[in-house]
Q: 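What follows is a single structure, and I will ask about it in a moment.
Atoms considered below: every heavy atom in the structure, side chains included; atoms not considered: hydrogens, waters and symmetry mates. Below, read A as the first sequence line, B as the second, and so on, with proteins coming before strands; counting in each chain starts at 1.
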Number of protein chains: 2
Amino acid sequence: MSEPFGQYLRQKRETLLKQDRAYTVRKFAATVGVQPSYISKVEREEVGPPSEATIIRMAEVLHEDPDVLLALAGKVSADLRQVILKRPRLFADLIRQLKDAPDHALLRVVREVRDGQW
Amino acid sequence: MSEPFGQYLRQKRETLLKQDRAYTVRKFAATVGVQPSYISKVEREEVGPPSEATIIRMAEVLHEDPDVLLALAGKVSADLRQVILKRPRLFADLIRQLKDAPDHALLRVVREVRDGQW
DNA sequence: CATGACGTATACTGTTTAGTATACAGCCAT
DNA sequence: ATGGCTGTATACTAAACAGTATACGTCATG
């Protein structure tokens, strides 16, 4: 149940670094808007994952899906939370119901709703 | 966008108090396992809502749905979070898709999944 | 061979979270 | 008129969160 946020971040950043010098710890930190030492500590998991806002800026810079990066940090993005909090009973039921549903079932529901026949 | 957790708690507790003396601030606090002064402050919104664990104990004592009480505090319960975090992309899509769906549509999805024709 | 750029070690900080502990004033019944 | 129960005021706290600021040793290179 560990949080491999740091490892994942480092791997992703280093992969991009191979093709683009803008992804050194220092440059990446500057682009994200934090100190290089902080990036270093986060990647080595000397400290926990950053705040939601910082993770979202990181996702932009890394061209990553913010929901995925947030998930690695154990967080659910604020906009999703708002949706759930407005109708907690319905969404709680739904999510628990879907807990063990296979991926294709979820995808089917997503498509059904998108192509909305309500 | 305020958080009426305190108001709600007070109203609920006082309603129960009318029928059962176990719901004074002091007795309720003792049952939940916190100090009376803390309950008082929470109810008057002098401080923010309690931790998830404390809210869940409150919900038990009040015979309330914990998801609802947590929602009033702006929190999503840990078990729900885990479900989302395991498949962030799928659940993020799904939840955003369902954001503006009417209640009856959500209920339909819940039923469809429960009666599982996957 | 020194001058940058690199990642990291070290020390420190303000803010938020989630409460505790104690004391106090008002009321009500005996 | 006092003992006991109310709710609340006041002061304090330990731990976690989310970083900053600076200095250091290493390496490559021009």
Q: Between P on C:dG7 and CZ on A:Arg10, what's the gap in Å once rounded to a whole number?
A: 8 Å
Q: Quick check on A:Glu14: does its CD atom have over 12 non-hydrogen neighbours (other residues, nucleotides or ligands) under 6.0 Å away?
A: yes
Q: Measuring from A:Ile84:CD1 to B:Leu70:CG, what's the distance to the nearest 0.5 Å?
A: 12.0 Å
Q: How many angstroms lie between CG in B:Leu62 and CG in B:Leu69, if you round to the nearest 0.5 Å?
A: 6.5 Å
Q: Round to the nearest Å and state the distance from A:Glu14 atom CD to C:dG7 atom C1'.
A: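 Rounding to the nearest Å, CD of A:Glu14 and C1' of C:dG7 are 10 Å apart.
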Q: Side-chain donor-acceptor pair under 3.5 Å between B:Arg44 and B:Ser40, yes or no?
A: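 Present: a donor and an acceptor within the cut-off.
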Q: Show the numbers, then the answer: is there a salt bridge (charged side-chain N to carboxylate O under 4.0 Å, His left out) between B:Arg87 and A:Asp103?
A: CA-CA 9 Å; B:Arg87 292 183 282 180; A:Asp103 287 6; 2.6 Å; yes
Q: Could you tell me whether B:Thr24 contacts a base, only the sugar-phosphate backbone, or nothing, with contacts defined as non-hydrogen atoms closer than 4.0 Å?
A: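 It contacts sugar-phosphate atoms only.
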Q: Rounded off to whole Å, could you give me the CD-to-P distance for the A:Glu43 and C:dC6 pair?
A: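 One finds 14 Å between P of C:dC6 and CD of A:Glu43, rounded.
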Q: Could you work out which one of C:dA9, C:dG7, C:dG19 sits closest to the side chain of B:Lys41?
A: C:dG19
Q: Could you write out each protein N or O paired with an N or O of nucleotides 24-30 of chain C at a distance under 3.5 Å?
A:
none

Q: CZ of B:Phe5 versus C1' of C:dG19: gap in Å, rounded?
A: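 That distance rounds to 14 Å.
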Q: Which two nucleotides bound the region of DNA chain D that has atoms under 4.0 Å from heavy atoms of chain B, read 5' to 3'?
A: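 Both ends considered, the range comes out as D:dT6 to D:dA11.
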Q: Using atom types as modelled and distance alone, determine if a side-chain donor or acceptor of B:Thr31 lies under 3.5 Å from a backbone N or O of B:Lys27.
A: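 At least one qualifying donor-acceptor pair exists.
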Q: Salt-bridged, B:Asp79 to A:Lys99, with N to O below 4.0 Å?
A: no
Q: So, does B:Arg13 use its side chain to make a donor-acceptor pair with the main chain of B:Phe28 at under 3.5 Å?
A: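 Pair absent, no side-chain N/O of B:Arg13 close to backbone of B:Phe28.
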Q: Is the closest side-chain donor-acceptor distance between A:Glu43 and A:Tyr38 under 3.5 Å?
A: no
Q: If you find the nucleotide of DNA chain D closest to A:Tyr38 and the one closest to B:Pro36, which residue's nucleotide is nearer the 5' end?
A: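 Counting from the 5' end, the first nearest nucleotide belongs to B:Pro36.
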Q: Is A:Lys41 salt-bridged to A:Glu46, cutoff N-O under 4.0 Å?
A: no
Q: Take atom CZ of A:Arg13 and atom P of C:dC6, then tell me their distance rounded to the nearest Å.
A: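 Computing the A:Arg13:CZ to C:dC6:P distance gives 11 Å.
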Q: Looking at residues 50-62 of chain A, who's got a heavy atom less than 4.0 Å off DNA chain D?
A: A:Pro50, A:Ser51, A:Thr54
Q: To the nearest Å, how far apart are B:Gln35 CD and C:dT22 P?
A: 9 Å
Q: A:Leu9 has an atom CG; how far is it from atom P of C:dT8, in whole Å?
A: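 For the pair A:Leu9 CG and C:dT8 P, the rounded distance is 12 Å.
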Q: Quick one: label A:Val34 by what it contacts on the DNA or RNA (base, sugar-phosphate, nothing), any heavy atom closer than 4.0 Å.
A: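 Since only primed, P, OP1 and OP2 atoms lie under 4.0 Å of A:Val34, the category is sugar-phosphate.
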Q: A:Tyr8 and A:Glu64: side chain to side chain contact (heavy atoms under 4.5 Å, CB included), yes or no, with the steps?
A: CA-CA 11 Å; A:Tyr8 184 87; A:Glu64 258 289 349; 2.5 Å; yes
